[in-house]
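Input: a single structure, listed below in structure tokens.
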Amino acid sequence: MSSRRRYWLMKSEPDAFSIDDLARVGTEPWTGVRNYQARNHMRAMQVGDGVLFYHSSCDVPGIVGVATVASAPYPDPTQFDRKSDYYDPKATQEQPRWDLVDVSFERKLKRTIALNEIRDQADALGEGFSLIQRGSRLSVIPVTAAQWKLLLSLE
DNA sequence: GCCAACGTTGGC
DNA sequence: GCCAACGTTGGC
């Protein structure tokens, strides 16, 4: 059973893990997501899905690269690690709470597609795009094929 | 089950 | 550094 390729936007703080870091390592497990909605989006991911890599909490927040989903969802190992910032005492090996996927570098954009430019496209992107919804903090966001195409056309 | 308090996110 | 918005926690 497979379905067509889906698209996502994933936020990262460049001080913690940037598009250049992803370019260097090639593939990275997306650890540390501790929000149920974001987790559920990762659970819906399939190998080969497209990812817009977004830099948050920085000088120019925006989309900086393209990546791909490189694994099926699996339990985030940091939830079991007492020494990790992401340790979750309520998670067990038998009943993990947090899943993640591996993400692979595809390319870095020639320039940052800034959040304020994305906002200018609000009408074309449509109502449901939570990146530009007021107060939204969701770090893993579904993107439609049309939104994907539009956003990358801004490069 | 309600809701106040608290912690976090993230743009500015 | 500020603060609005949101999610989670825990007392009742």
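Chain identifiers are assigned alphabetically (A, B, ...) following the order of the sequence lines, protein sequences preceding nucleic acid strands; residue numbering begins at 1 within each chain.
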I'd like to check A:M42 versus A:P73 (side-chain heavy atoms, cut-off strictly below 4.5 Å). Are they in contact?
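They are not in side-chain contact.
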
Do A:M45 and A:V140 come within less than 4.5 Å of each other through their side chains, counting heavy atoms only?
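Yes, their side chains come closer than 4.5 Å.
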
Options [options], nucleotide nearest the side-chain atoms of [X]:
{"X": "A:Y36", "options": "B:dT9, B:dG11, C:dT8", "result": "C:dT8"}
{"X": "A:R119", "options": "C:dG7, B:dC12, B:dG10", "result": "B:dC12"}
{"X": "A:K90", "options": "C:dT9, B:dG11, B:dG10", "result": "C:dT9"}

Aromatic ring pairing A:F53/A:F17, orientation class (parallel under 30°, perpendicular over 60°, tilted between)
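It falls in the tilted class, 30° to 60°.
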
How close or far is atom [atom2] of [N] from atom [atom1] of [X], stated in whole angstroms?
{"X": "A:Q133", "N": "C:dC6", "atom1": "CD", "atom2": "P", "answer": "9 Å"}
{"X": "A:N40", "N": "C:dG7", "atom1": "CG", "atom2": "C1'", "answer": "14 Å"}
{"X": "A:D59", "N": "C:dG1", "atom1": "CG", "atom2": "C1'", "answer": "15 Å"}
{"X": "A:L138", "N": "B:dG10", "atom1": "CG", "atom2": "P", "answer": "9 Å"}
{"X": "A:N35", "N": "C:dT8", "atom1": "CG", "atom2": "P", "answer": "6 Å"}
{"X": "A:L9", "N": "B:dG10", "atom1": "CG", "atom2": "C1'", "answer": "14 Å"}
{"X": "A:R137", "N": "B:dT8", "atom1": "CZ", "atom2": "C1'", "answer": "6 Å"}
{"X": "A:Y86", "N": "B:dT8", "atom1": "OH", "atom2": "C1'", "answer": "12 Å"}

Side-chain N or O of [X] versus OP1/OP2 of [N]: is the shortest distance under 4.0 Å?
{"X": "A:Y54", "N": "B:dG11", "result": "yes"}
{"X": "A:K11", "N": "B:dG10", "result": "yes"}
{"X": "A:R97", "N": "C:dT8", "result": "no"}

How would you label the contact of A:R34 with the nucleic acid (heavy atoms, under 4.0 Å): base, sugar-phosphate, or nothing?
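The answer is nothing, as A:R34 stays clear of every strand by at least 4.0 Å.
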
Contact class for A:S56 (heavy atom, under 4.0 Å): base, sugar-phosphate, or nothing?
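Sugar-phosphate: the residue A:S56, judged by heavy atoms under 4.0 Å, touches backbone atoms but no base.
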
Given the ring of A:W148, does A:R5 sit roughly above its face, with NZ or CZ under 6.0 Å from the centre of the six-membered ring and within 45° of the axis?
yes

Is the distance between the ring centroids of A:W8 and A:Y54 under 6.0 Å?
no

